[in-house]
2 protein chains.
Amino acid sequence: MKEQLRAKKVKEVLSNPRNQKEEVQALQDTIYVIGGKWKLPIINSLCNGNKRFRDIQRSIPGITTRMLSRELKEMEANQLLKRTVDPDSPVMVEYTVTSYCKSFGDIILEMIKWGKQHRKKIREVSKAANNNG
Amino acid sequence: MKEQLRAKKVKEVLSNPRNQKEEVQALQDTIYVIGGKWKLPIINSLCNGNKRFRDIQRSIPGITTRMLSRELKEMEANQLLKRTVDPDSPVMVEYTVTSYCKSFGDIILEMIKWGKQHRKKIREVSKAANNNG
DNA sequence: GTAACCAGTATAACGCAGTATACCAATATG
DNA sequence: CATATTGGTATACTGCGTTATACTGGTTAC
């Protein structure tokens with residue numbers, strides 16, 4: 001007689017082990033920090049050597065000054081980058097990634113790799129679908 | 001006389017090397033696939049052994065049935081998981097991650113680690129701010 | 001027969017990420 | 001002088017990711 005039904009209550013107790021919530025929260029924290037449309041592209045741009053506001057903006061097609069400004073502030077607050085001002089007469093502002101930020105350079109590289117593969121894979125799948133249909 | 005100004009136009013040309021756009025796009029693809037509030041938590045839940053809709057829902061505090069349903073569909077379309085139906089009389093639906101999805105299990109683990117560290121770090125910073133203020 | 005579970009769907013509304021556009025003060029170019 | 005650049009801010013708007021709440025249709029439990 002369906003012992004799934006007896007197992008049900010066991011599962012109900014076990015389905016949320018103590019550390020699971022903490023992991024989910026950590027995951028969502030990370031997503032929150034680097035999520036959204038622009039943060040990773042910004043980090044990537046900085047890592048590619050862009051330091052000036054307009055240079056960063058030019059290197060990221062489609063981003064508006066408003067978004068770039070907002071994201072840079074937020075990322076500074078999150079210790080992901082540093083803003084330094086050189087007050088010599090054409091005032092210069094430079095943004096640089098912190099070592100803390102570099103700590104997930106690997107994640108970014110992995111994500112770039114993954115994204116390229118994914119694009120290939122999806123293309124193959126839709127090709128196959130066309131051939132079968 | 002500020003040769004920064006002469007360097008300006010050079011930068012304007014060099015500021016967007018060919019591969020930069022492609023990398024940004026790959027990055028944004030990846031963010032698109034695993035981004036949003038719920039997708040990574042869902043993957044994490046599946047990887048922790050949850051297979052049934054309600055189990056997954058219970059394991060992710062705050063997610064609604066609507067969101068879970070939508071995300072699962074989208075992720076199935078992106079080949080990240082498989083949905084199998086056992087039509088025996090209490091119909092059973094099982095979700096399992098694909099090997100493709102596992103291909104960024106490492107990224108997820110890294111992100112969990114990073115999120116935990118970040119929480120610590122931000123806590124330390126705000127402590128320090130309180131002491132200095 | 002009613003209460004609870006499963007796997008979702010339907011409908012409506014909210015809030016904020018992101019967009020569009022204009023503007024500012026300072027400096028440089030011709 | 002007009003025009004362009006740099007590093008942004010202000011205001012207004014829109015879309016969509018997310019939430020809230022209710023509901024369905026089938027199965028099992030008491």
Side-chain angles (χ1 to χ4, degrees), chain A residues 1-13 15 28 31-42 45-46 50-76 81 83-96, chain B residues 1-13 15 28 31-42 45 50-76 81 83-95:
Chain A
M1 183 203 284
K2 304 250 176 200
E3 106 290 11
Q4 303 160 343
L5 300 172
R6 211 162 301 139
K8 202 175 53 176
K9 295 221 165 173
V10 180
K11 264 191 189 166
E12 221 174 298
V13 175
S15 69
Q28 286 182 325
I31 297 170
Y32 183 78
V33 170
I34 64 173
K37 202 172 172 180
W38 303 115
K39 289 196 193 89
L40 283 176
I42 290 171
S45 173
L46 291 168
N50 298 309
K51 294 168 187 292
R52 314 287 302 278
F53 190 91
R54 296 290 176 192
D55 287 343
I56 300 166
Q57 187 171 17
R58 266 192 294 272
S59 75
I60 303 174
I63 195 168
T64 60
T65 56
R66 174 188 165 88
M67 283 312 293
L68 182 54
S69 172
R70 272 179 46 160
E71 300 289 61
L72 288 173
K73 267 181 204 160
E74 202 177 318
M75 291 164 73
E76 200 191 350
L81 52 84
R83 181 180 186 271
T84 49
V85 183
D86 174 4
D88 282 355
S89 94
V91 179
M92 274 218 299
V93 180
E94 277 197 359
Y95 295 91
T96 46
Chain B
M1 182 200 285
K2 303 247 175 200
E3 106 287 14
Q4 301 160 340
L5 300 172
R6 210 161 302 139
K8 200 175 52 174
K9 298 225 164 173
V10 180
K11 264 192 190 167
E12 221 172 299
V13 175
S15 70
Q28 286 182 325
I31 297 170
Y32 184 77
V33 171
I34 64 172
K37 205 172 172 181
W38 302 114
K39 287 194 195 90
L40 283 176
I42 290 170
S45 174
N50 299 308
K51 295 168 188 290
R52 314 287 303 277
F53 191 91
R54 294 293 175 190
D55 288 342
I56 299 166
Q57 187 171 16
R58 265 192 296 271
S59 75
I60 304 173
I63 196 169
T64 59
T65 57
R66 175 188 166 87
M67 283 312 292
L68 181 53
S69 172
R70 274 181 43 158
E71 299 290 60
L72 288 173
K73 267 180 204 159
E74 202 177 319
M75 291 165 72
E76 200 192 348
L81 51 83
R83 181 181 185 269
T84 50
V85 183
D86 173 4
D88 281 353
S89 95
V91 178
M92 274 217 303
V93 182
E94 278 197 359
Y95 296 92

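Within every chain, numbering begins at 1; the chains are lettered A, B, ... in the order of the sequence lines, protein sequences first and strands thereafter. Computed from a predicted structure; not experimentally measured.
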Student: Could I get a table of every N or O pair under 3.5 Å where one atom is in the protein and the other is in nucleotides 8-11 of chain C?
Tutor:
residue	atom	partner	partner atom	Å
C:dG8	OP1	B:Arg83	NH2	2.4
C:dG8	OP2	B:Tyr95	OH	2.6
C:dG8	N7	B:Arg54	NH2	3.2
C:dT9	OP1	B:Lys73	NZ	3.0
C:dT9	OP2	B:Ser69	OG	2.6
C:dT9	OP2	B:Lys73	NZ	3.2
C:dT9	O4	B:Thr65	OG1	3.1
C:dT11	O4	B:Arg66	NH1	2.8

Student: In whole Å, what is the span from the CG atom of A:Asp88 to the C1' atom of C:dA28?
Tutor: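 Computing the A:Asp88:CG to C:dA28:C1' distance gives 16 Å.
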Student: If only side-chain N and O atoms of A:Arg58 are considered, is one of them under 4.0 Å from the OP1 or OP2 phosphate oxygen of D:dT6?
Tutor: yes
Student: Could you check if a side-chain atom of A:Val85 sits within less than 4.5 angstrom of a side-chain atom of A:Glu94, using non-hydrogen atoms only?
Tutor: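 In short, these two side chains do not touch, never coming nearer than 4.5 Å.
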Student: Please test B:Trp38 against B:Ile60 for side chain to side chain contact (heavy atoms under 4.5 Å, CB included), starting from the C-alpha separation and ending with a verdict.
Tutor: CA-CA 9 Å; B:Trp38 302 114; B:Ile60 304 173; 3.6 Å; yes
Student: With nearest nucleotide decided by heavy atoms, which residue, A:Val91 or A:Ile63, maps closer to the 5′ end of DNA chain C?
Tutor: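 Nearest-nucleotide comparison on DNA chain C picks A:Ile63.
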Student: Can you check the B:Asn50 CG to C:dC6 P distance for me, whole Å?
Tutor: 12 Å
Student: If I take atom NZ in residue A:Lys51 and atom P in nucleotide D:dG7, what distance separates them, rounded to the nearest angstrom?
Tutor: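 The answer, rounded to whole Å, is 13 Å.
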Student: Report the distance from atom CG of A:Leu68 to atom C1' of C:dA20, rounded to the nearest whole Å.
Tutor: 16 Å
Student: Rounding to a whole Å, what distance do you find between A:Ile31:CD1 and D:dG17:C1'?
Tutor: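 For the pair A:Ile31 CD1 and D:dG17 C1', the rounded distance is 14 Å.
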Student: Over how many whole Å does the gap from A:Tyr32 atom OH to D:dG17 atom P extend?
Tutor: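 These atoms are roughly 18 Å apart.
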Student: What's the CZ-C1' distance between B:Arg52 and C:dA7, to the nearest Å?
Tutor: 9 Å
Student: Does B:Gln28 reach the main-chain N or O of A:Lys37 with its side chain, forming a donor-acceptor pair under 3.5 Å?
Tutor: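 Pair found, side chain donor or acceptor close to backbone of A:Lys37.
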Student: Given side chains that start at C-beta, do those of A:Arg58 and A:Ile56 come closer than 4.5 Å, heavy atoms only?
Tutor: no
Student: For B:Glu71 and C:dA7, what is the distance between atoms CD and P respectively, to the nearest whole Å?
Tutor: 18 Å
Student: Can you name the nearest heavy-atom pair linking A:Ile42 to A:Met75, along with the distance?
Tutor: CG2-CE, 4.0 Å
Student: Nearest 0.5 angstrom please: B:Thr84 OG1 to B:Lys51 NZ, how far?
Tutor: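 Here the rounded value is 8.0 Å.
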